[in-house]
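We use all heavy atoms of the structure for the numbers below, so side chains are in, but hydrogens, waters and symmetry mates are not. Small disclaimer: the values here were computed from a predicted structure and weren't measured.
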Amino acid sequence: MTIKVDLRVVGIFFHTEVTLAGDGPFTVEDALVEAKNNSTVSKSFDFVRRSPGQPKAPTNFSATYTNPVDSKASGNRYSAGHYSLSDSWDQDADFYRIWQYYIQKPNNMIAPADGEFVPAERAIIEDGDTIIWRLVTIHVDAVTGRPGPNPDLVDLMG
């Protein structure tokens with residue numbers, strides 16, 4: 001079995017087609033590992049997982065380009081170089097940043113449709129899927145329900 005998927009990481013301008021071959025089924029984690037293992041001199045890709053004993057979710061994504069790179073979102077051209085983004089889990093902050101992925105199916109539907117969280121190592125991907133990782137900021141008060149500096153956000157979260 002062979003499948004091809006697109007892998008994108010927002011913010012570091014990374015976009016590549018990944019080919020996975022073997023018995024399957026294949027996961028989001030498989031696509032990340034394959035992209036890392038098949039980095040080239042002109043476009044290298046890396047990701048770092050959390051320390052042992054913590055969730056396996058990536059904590060950092062990075063890409064290094066020897067040529068200028070174009071942003072798919074803005075159309076802007078950025079200089080060759082190293083681009084890196086990391087999550088943050090400062091317990092004293094009013095917010096934290098985490099990496100979130102979603103899978104866009106060839107028919108533009110987002111999977112899973114019910115919004116259920118599935119860890120990357122268990123999220124099944126299929127031929128033609130696009131995996132998009134993005135760093136999102138979550139206001140702590142919106143998660144905990146505690147009153148805080150942005151009560152409007154708490155109200156929106158129900």
Side-chain angles (χ1 to χ4, degrees), residues 1-40 43-65 69 71-73 82-146 148 150 153-158:
M1 164 190 241
T2 300
I3 69 167
K4 290 184 180 185
V5 297
D6 282 335
L7 175 63
R8 297 179 185 178
V9 182
V10 176
I12 63 168
F13 317 112
F14 186 77
H15 178 225
T16 194
E17 183 178 81
V18 177
T19 301
L20 297 164
D23 293 335
F26 301 106
T27 66
V28 169
E29 175 85 4
D30 294 330
L32 288 175
V33 170
E34 187 68 16
K36 180 177 180 172
N37 291 342
N38 286 308
S39 290
T40 64
K43 179 170 69 173
S44 72
F45 171 73
D46 198 8
F47 69 99
V48 177
R49 288 189 194 94
R50 297 202 162 283
S51 301
Q54 294 182 337
K56 288 182 71 175
T59 184
N60 172 276
F61 284 102
S62 63
T64 303
Y65 305 97
V69 61
S71 167
K72 299 277 185 208
H82 182 76
Y83 294 86
S84 178
L85 287 173
S86 295
D87 66 5
S88 64
W89 291 85
D90 182 353
Q91 293 181 344
D92 295 326
D94 290 333
F95 61 88
Y96 57 94
R97 291 185 180 98
I98 60 168
W99 283 102
Q100 175 190 64
Y101 76 88
Y102 59 96
I103 302 168
Q104 185 174 2
K105 296 297 194 178
N107 64 359
N108 291 324
M109 296 297 292
I110 301 298
D114 62 5
E116 176 187 352
F117 173 75
V118 179
E121 66 270 16
R122 292 198 328 247
I124 303 299
I125 54 175
E126 299 172 335
D127 191 49
D129 285 351
T130 298
I131 305 159
I132 302 170
W133 285 88
R134 61 186 180 171
L135 191 60
V136 298
T137 301
I138 298 176
H139 196 276
V140 172
D141 293 334
V143 174
T144 64
R146 292 187 321 237
N150 192 347
L153 188 55
V154 174
D155 292 341
L156 288 174
M157 297 301 288

Atom pairs and distances, side-chain donor-acceptor, residues 21-28, under 3.5 Å, sequence neighbours left out:
residue, atom, partner, partner atom, Å
T27, OG1, E29, N, 3.4
T27, OG1, D30, N, 3.1
T27, OG1, D30, OD2, 3.2

Tabulate below the donor-acceptor pairs under 3.5 Å that side-chain atoms of residues 117-127 make, not counting sequence neighbours, or state none.
residue, atom, partner, partner atom, Å
E126, OE1, K105, NZ, 3.2
D127, OD1, K4, N, 2.8

Closest heavy-atom pair, V5 versus A31, reported as atoms and distance to 0.1 Å, is CG2-CB, 4.2 Å
Residues D129 and P106: closest non-hydrogen pair is OD1-CD, 3.6 Å
Taken in chain and number order and not counting sequence neighbours, the residues that satisfy side chain to side chain donor-acceptor pair (under 3.5 Å) with T59 are D87
Contacts of D46 meeting side chain to side chain donor-acceptor pair (under 3.5 Å) (sequence neighbours excluded), chain-then-number -> K36
Rounding to 0.5 Å, atoms CH2 (W99) and CG (L85) come to a distance of 5.0 Å
ring-ring contact (aromatic ring centres under 6.0 Å, His included) filter on F14, not counting sequence neighbours, yields F45
Tightest non-hydrogen contact, residues P58 and L32, listed as CG-CD1, 4.2 Å
Please list every donor-acceptor pair under 3.5 Å in which a side-chain atom of residues 131-138 meets a protein atom from a residue at least two apart or in another chain.
residue, atom, partner, partner atom, Å
R134, NE, Q100, OE1, 2.8
R134, NH2, Q100, OE1, 2.8
T137, OG1, R97, NE, 3.4

Applied to residues 6-15, the side-chain hydrogen bond (donor to acceptor under 3.5 Å, both in side chains) test, sequence neighbours excluded, yields R8-H15
Sequence neighbours excluded, the answer for side chain to side chain donor-acceptor pair (under 3.5 Å) partners of S71 is S74
Applying side chain to side chain donor-acceptor pair (under 3.5 Å) to S62 and not counting sequence neighbours gives none
When every non-hydrogen atom of Q104 is compared with those of N108, the smallest separation belongs to NE2-OD1, 2.9 Å
OH of Y102 to OG1 of T130, rounded to nearest 0.5 Å, is 9.5 Å
Rounded to the nearest 0.5 angstrom, the CG-OG1 distance for L7 and T16 is 7.5 Å
